[in-house]
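These notes are about the structure you will find just below.
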Amino acid sequence: DQQVKQNSPSLSVQEGRISILNCDYTNSMFDYFLWYKKYPAEGPTFLISISSIKDKNEDGRFTVFLNKSAKHLSLHIVPSQPGDSAVYFCAAWDSGNTPLVFGKGTRLSVIA
Amino acid sequence: SQTIHQWPATLVQPVGSPLSLECTVEGTSNPNLYWYRQAAGRGLQLLFYSVGIGQISSEVPQNLSASRPQDRQFILSSKKLLLSDSGFYLCAWSGVKKGKSLYGYTFGSGTRLTVV
């Protein structure tokens, strides 16, 4: 049973526009969420995170929104750049400190 | 600074052959270590994790095993590879033993394993 779901396998966005990547989770014990970015043949790298006590965290062009009641989070990239083309993984941690649980990823393509 | 090394970068192995992938971490001590696999079209699946030497937790019953013979060394093995073992294998570490690292895990560069 998937506890972290990224229902869109891929997303195409024009350069300069907003990219919105979505993530849903089922485990109400999750209290910390992270987004990772992965280029082909490389390991994922940390992008941005949010604690469950917040509903928004911003870092430059990247903003993560958390809606706890809906068990939903989203990553906004504004403006999108060709270098943002990568696979984005949503990950979640529960309060019991078990290992990170990852979604299946969304492949973002930013078209110039 | 801490670094994580994973090798080899690519590997092509015949079905039934053994496997050994190695991961080492530098610049830290007593890290938590993890092996993940990304199969084609699938997400990051946790295979094993270790909180200390000789301590291995298995998440998914499978054809693979893991060992941690030294504090900063994590090895993924198989006695006989299956076609379904093909994938991208990632090693990761975390320096936080209790609680959470704000940045989650740090991943190695991965090993692309193709079983033929």
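Naming convention: chains lettered A, B, ... in sequence-line order (proteins, then strands); numbering from 1 in each chain.
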message: If I measure from the heavy atoms of chain A, does B/Gln38 come under 4.5 Å with its side chain, its backbone, both, or neither?
response: side chain
message: The test is side-chain contact (heavy atoms from CB on, under 4.5 Å); show your working for A/Phe30 and A/Lys68 and say whether it passes.
response: CA-CA 10 Å; A/Phe30 286 149; A/Lys68 285 176 57 181; over 6 Å; no
query: Of the backbone (N, CA, C, O) and the side chain (C-beta and beyond), which part of B/Tyr105 lies under 4.5 Å from a heavy atom of chain A, both, or neither?
result: both
A/Gln2 and A/Val101, any side-chain heavy atoms less than 4.5 Å apart: no
field: Contact class of A/Leu34 relative to chain B, heavy atoms under 4.5 angstrom
entry: side chain
query: chain A heavy atoms under 4.5 Å from B/Leu44: which part of the residue, side chain, backbone, both or neither?
result: both
message: Looking only at side-chain N and O atoms, does A/Ser80 offer a donor or acceptor that is under 3.5 Å from a partner on A/Asp84?
response: no
- prompt: Do we see a donor-acceptor contact under 3.5 Å between the side chains of A/Asn67 and A/Ser69?
  reply: yes
